[in-house]
Number of protein chains: 2
Amino acid sequence: MTPPAEKRTPLSRERVLRAAVALADDGGIESLSMRRLASELGVVPMALYKHVANKDELLDGVVDVVVGEIDPPGTGAGWKAAVRQRILSARSALQRHSWAAQVIESRSTPTSAVLAYLNSMIGLFREGGLSIDLTHHVMHAMGSRILGFSQELFTAAPAVEPPAPAAMAQLAGTFPYVAELARAAAHTEDSVVGAGCDDQFEFEFALDLLLDGIERLHRSGWMSAQ
Amino acid sequence: MTPPAEKRTPLSRERVLRAAVALADDGGIESLSMRRLASELGVVPMALYKHVANKDELLDGVVDVVVGEIDPPGTGAGWKAAVRQRILSARSALQRHSWAAQVIESRSTPTSAVLAYLNSMIGLFREGGLSIDLTHHVMHAMGSRILGFSQELFTAAPAVEPPAPAAMAQLAGTFPYVAELARAAAHTEDSVVGAGCDDQFEFEFALDLLLDGIERLHRSGWMSAQ
DNA sequence: TTGACAGGTGTACGGCGTACACCCTACCGT
DNA sequence: ACGGTAGGGTGTACGCCGTACACCTGTCAA
C-alpha cells in the first residue's frame with residue numbers, strides 16, 4: 001500500500017565496504033557482523049552476499065579501504081626520509097581506524113592493495129641503493145611496523161584508570177622493576193593528561209632505531225654470509 | 001545401569017587449561033571452543049564454568065601456561081647476551097604453540113605471568129646498567145618482540161604452494177619489486193625445501209639490529225630530551 | 001542427622017555465518 | 001508485445017557459539 005516511495009539506492013560492493021568501515025569505526029571490530037552491517041544498510045543479511053563472497057572477503061575489503069588511505073610516497077630526499085614519512089602516514093591511517101591492525105593481522109594472505117603498498121616500499125629501499133639481499137632482510141626486520149603497527153605488548157586501556165593507588169603498592173612488591181618503570185613513565189607525562197607514555201615518541205624512537213641500524217649496515221656494505 | 005565404574009578424576013583448573021592447550025595445539029585456535037573443550041574432557045559444557053569464569057579467563061589461563069614454558073634468565077654474560085637468549089627461548093615457546101601469539105595479542109590486559117616475565121626482562125636491562133629512561137623506551141621499541149613475536153607481515157601458508165608459476169609472472173608485471181625480492185629469497189633457500197626464508201635467521205637479524213642499536217645508545221649515554 | 005557446599009547436568013536464549021530456494025524487477029532479442 | 005534471463009533483495013533454516021539459571025548429587029563437618 002505504500003506508494004512507490006523513493007527507491008533506496010541499491011547496494012554495491014563499495015557501499016557495503018564503506019558501511020563496514022563506519023560500523024567498525026564506532027563500536028569496534030566486534031560489532032562488525034554481517035547481520036548488524038545488513039541492518040545498518042536497511043537490508044536483510046543475505047543481501048550482502050550478492051556483493052561479497054563471505055565475511056573473510058568483507059574483511060579483506062575493509063583492509064583495502066584502510067590501506068588505500070595511506071599517502072603515496074613523497075619524492076626527493078633520501079630513502080630514509082621517504083620510508084620514514086610513509087610509515088608515519090601508514091601509522092596515522094591505522095590510528096584513524098583503531099581496529100584495523102587487528103584485522104590486518106588476522107588475514108592469512110595479503111590483499112593486493114597491501115601488496116601494492118609493500119611493492120612501493122621495497123622500491124624506496126632499492127632505489128635508495130640498498131642491495132636486494134639487505135632489502136630482503138630489512139623487510140623482515142621491519143615486519144608489520146612497515147604498515148604502521150605499533151607492536152606494543154598491550155594496547156591496554158589504563159588510560160581510563162590512572163595507576164590505581166592500592167594496586168600500585170602491590171605491584172611494587174611483586175614486580176619491582178615494572179613498578180619502577182611505571183613510575184618513571186608517569187613522571188615524563190609532559191604529553192596529555194595521565195596517559196602515561198607518548199605513543200608517537202615511542203613509535204618514532206623504535207622506527208629510528210631500526211632505520212639508523214639499517215643505514216649503518218648499508219653504508220658498511222653489509223651482506224649476509226654468501 | 002552402568003556399574004559405579006571407575007570414577008573419572010575430577011576436573012580442575014589445571015586439567016582444563018592443559019586440555020585447552022592440547023586442543024589448540026592440534027586443530028588451531030579456532031577449534032578451541034568451550035563446547036569442544038568440554039566434550040574433549042568428557043563433560044558437559046557448563047561444567048567448565050566451575051573452573052574458569054568465562055572464555056576470556058580461559059584464554060588468559062592458556063597464555064599463562066605458554067609463558068610459563070619460557071626458560072628463566074641465564075646468569076653471567078652481559079645484559080645483551082642474557083636478553084638475547086631469553087627472547088630466543090620465548091620465541092621457541094611461541095613456536096611450539098603456533099596459535100599463542102594471536103591469543104596473547106588478543107588479550108587487552110597482561111596476565112600476571114606475563115607481568116612477571118616483563119619484570120625480569122626489565123631487570124636484565126636495569127642490572128646491565130641501562131638508565132630507567134633508556135630502558136623505558138627500549139621496552140616500547142622491542143614491543144611484542146620481547147615475547148618472541150616474529151611480527152612478520154603475513155604468517156602466510158605459501159609453504160604449501162611453491163611460487164605458483166603463472167601467478168609469478170603476473171606478480172612480476174604488477175609488483176616488480178615484490179617479485180624481484182621473492183626471486184632473491186628463493187635463491188637463498190639453503191634451508192629446508194622451498195620454504196623461502198629462514199625464519200630463525202630473519203628473527204635474529206632483526207633482534208640483533210635492535211640490540212646493537214640499543215647498546216650503541218647506552219654506550220653513548222643517550223637520554224631523551226629532558 | 002543435617003545441612004552446606006563443591007562440582008557436574010539440562011535446558012534455554014540470543015547471537016553468529018551462511019546454504020538454499022524463492023521472488024521481483026529491468027532489460028533483452030525476437 | 002512477449003517470453004527469457006539475470007541481477008539483486010528476501011525468508012527460512014541449520015549448526016555453531018558463549019553462557020545464564022535452575023537443578024541434582026555426593027562428600028564431609030558439625
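In what follows, every chain begins at residue 1, and chains take the letters A, B, ... in the order their sequences are listed.
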Query raised in the report: Is the A/Phe203 to B/His140 ring centre distance short of 6.0 Å?
Result: no

Measure [atom1]/[X] against [atom2]/[N] and give the value in whole Å, please.
X       : N      : atom1 : atom2 : value
B/Arg15 : C/dG7  : CZ    : P     : 13 Å
A/Leu48 : D/dT10 : CG    : C1'   : 12 Å
A/Asn54 : C/dC16 : CG    : P     : 17 Å
A/Leu37 : C/dG17 : CG    : C1'   : 13 Å
B/Arg13 : C/dG7  : CZ    : P     : 13 Å
B/Tyr49 : D/dC21 : OH    : P     : 13 Å
A/Lys55 : C/dC16 : NZ    : P     : 8 Å
B/Met34 : C/dG8  : CE    : C1'   : 14 Å

Query raised in the report: If you find the nucleotide of DNA chain D closest to B/Arg36 and the one closest to A/Leu11, which residue's nucleotide is nearer the 5' end?
Result: A/Leu11

Query - Distance (rounded to the nearest 0.5 Å) between A/Glu152 CD and A/Glu202 CD - result: 7.0 Å

Query raised in the report: Heavy atoms under 4.0 Å, any strand shown: does B/Met46 hit a base, just sugar-phosphate, or nothing?
Result: base

Query - side-chain N/O B/Lys50 vs C/dA6 OP1/OP2, d < 4.0 Å - result: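 Answer no for this pair, as no side-chain N or O of B/Lys50 is under 4.0 Å from OP1 or OP2.
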
Query raised in the report: So does B/His51 get a side-chain nitrogen or oxygen closer than 4.0 Å to the phosphate oxygens (OP1/OP2) of C/dG8?
Result: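 It does, given that an N or O in the side chain of B/His51 lies less than 4.0 Å from OP1 or OP2 of C/dG8.
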
Query raised in the report: With respect to the side chain of B/Ser33, which nucleotide from C/dG10, D/dC17, D/dT10 is positioned closest?
Result: D/dC17

Query - side-chain contact (heavy atoms from CB on, under 4.5 Å) between B/Ile146 and B/Tyr117, worked out - result: CA-CA 10 Å; B/Ile146 275 194; B/Tyr117 174 78; 3.7 Å; yes

**Report entry** Over-ring placement of B/Arg107 relative to A/Phe154, 6.0 Å and 45° cut-offs
**Finding:** no

Report task. Output yes when B/Arg18 and B/Glu14 qualify as a salt bridge under the 4.0 Å nitrogen-oxygen rule, no when they do not. Result ->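 Salt bridge present between B/Arg18 and B/Glu14.
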
Query raised in the report: Has the side chain of A/Arg35 got a donor or acceptor atom sitting under 3.5 Å from an opposite partner on the base of C/dG17?
Result: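 Pair found.
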
